[in-house]
2 protein chains.
Amino acid sequence: MTEIEKTLDNKSVRPTAMRILIYKFMAGKQNAVALTDIENAFEKAERTTLYRTLKTFEEKGIVHQIDDGTNISKFALCQPGCNCEIDQDLHLHFHCGQCDKTVCLTEHKIPHINLPAGYIAEDANLVIKGICDSCSDH
Amino acid sequence: MTEIEKTLDNKSVRPTAMRILIYKFMAGKQNAVALTDIENAFEKAERTTLYRTLKTFEEKGIVHQIDDGTNISKFALCQPGCNCEIDQDLHLHFHCGQCDKTVCLTEHKIPHINLPAGYIAEDANLVIKGICDSCSDH
DNA sequence: AGAGTGGTGCAACAGAAGTGCATTTAATGG
DNA sequence: CCATTAAATGCACTTCTGTTGCACCACTCT
């Protein structure tokens, strides 16, 4: 039983061949991936399978969904530092307008915001847009 | 020349009947609206017209586009406090998971974030998700 | 009046997201 | 080890948002 299989098993996700491949693919990427990215990487697989795999991964806390403002959902593997379930510990994301890549900045947390009376915060999403380190240094 | 016509004219947007109606509609709403919302409100109008009107409004700084994480673009009229063009003064938005409405919290600004070396911030988007004041008090 | 610009209406397309159903694959129990 | 069962996958199709091209209309300016 490989490391990845153990990880999936721990999250009570059955480690099928497809899922292991998708996990590997995402682990190899430094940036968040869209459904289409995975689709292009695995010409053989059906979009539906990938779609539902991501949904399952998300439900089980293996990946988290990122909304980077492009209106295309991206996904990234949850890291030890990324406590997606806990409200107060959400990290932020960076979207590069040049290479169009979105990365997690797990060490950067969203500051606490005092909301007006009556508003109850349950979740937060902070995306910084600009130029990433790969694109900025020439 | 009405107040609205003056506003549009100031932003060098020709105040057509359609545009005035759309402006009025948005001014009457407390929350951000999606293209579909306007479409439903004006059964007579074409989606394309509304679409391009919103685009024009956005370009001319009459409305700002909001990405609240639903993957559906919403729009809200720019307020005196909402300096959409200036990076450091971005306000945040609140999305209610119950009534699905998105509101601007113009008095709340996005705190400054120290990015890792090499990252250049140009824009930011912060959405708090939870229960709004209308939905929370029973 | 005629030319030109910009706005509007109509049709069609692209891409992402999502659903239903049949079939295959994997886990479980005798 | 096979049979049963539940879950995963593949295929087809639908829906919705966003977008573009083209023709027509309205208005302005000379």
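Naming convention: chains lettered A, B, ... in sequence-line order (proteins, then strands); numbering from 1 in each chain. Source: prediction; values computed, not measured.
Each of Val63(A) and Ile66(A) belongs to its own hydrophobic cluster when Ile, Leu, Val, Met, Phe, Trp and Tyr are linked at side-chain heavy-atom distances under 4.5 angstrom.
Here Thr56(A) lies out of heavy-atom contact (under 4.0 Å) with every strand. At a threshold of 4.0 angstrom between heavy atoms, the contacts of Arg14(B) are confined to the sugar-phosphate backbone, with no base atom among them. Note on Arg52(B): a base of the nucleic acid sits closer than 4.0 angstrom, heavy atoms only. Across all strands, Lys44(A) comes closer than 4.0 Å to no nucleic acid atom at all (heavy-atom distances). Residue Thr16(A) is in sugar-phosphate contact alone, with no base atom involved, counting any heavy-atom pair closer than 4.0 Å across all strands shown.
Side-chain contacts under 4.5 Å among hydrophobic residues (ILVMFWY), followed directly or transitively, place Ile72(B) with no other residue at all.
Within the 4.0 Å cut-off from OP1 or OP2 of dT19(D), at least one side-chain nitrogen or oxygen of Lys55(B) is found. Contact between the side-chain N/O atoms of Thr49(B) and the OP1/OP2 oxygens of dG9(C) is found at a separation under 4.0 Å. The side chain of Ser73(A) contributes an N or O atom lying less than 4.0 Å from OP1 or OP2 of dA17(C).
Comparing Glu46(B) and Val13(B), the nucleotide of DNA chain C nearest to each residue sits closer to the 5' end for Val13(B).
Within residues 27-43 of chain B, no residue is approached by DNA chain C to less than 4.0 Å at the level of any non-hydrogen atom.
Among the nucleotides dA16(C), dT19(D), dT19(C), the one closest to the side chain of Tyr51(A) is dT19(C).
Note: Phe42(B) and Phe25(B) have perpendicular aromatic rings, judged against thresholds of 30 and 60 degrees for the angle between ring planes. Below 30°, between 30° and 60°, or above 60°: for His93(A) and His64(A) the angle between ring planes is between 30° and 60°, a tilted geometry.
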*Begin with the C-alpha distance, continue with both residues' side-chain angles, and end with the deciding distance and a verdict on side chain to side chain contact (heavy atoms under 4.5 Å, CB included) for Met26(B) and Phe75(B).*
CA-CA 9 Å; Met26(B) 294 185 74; Phe75(B) 298 86; 3.8 Å; yes
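Few gaps surround NZ on Lys129(A); more than 12 heavy atoms of other groups in view lie less than 6.0 Å from it. More than 12 heavy atoms of other residues, nucleotides or ligands lie within 6.0 Å of CD in Glu107(B), so this atom counts as buried by the packing criterion.
The distance between atom CZ of Phe75(A) and atom P of dA17(C), rounded to the nearest whole Å, is 7 Å. Summarising the geometry, the separation between CZ on Arg47(A) and C1' on dA17(C) is reported as 8 Å, rounded to the nearest angstrom. Rounded to whole Å, the distance from CG on Leu21(A) to P on dT25(C) is 15 Å.
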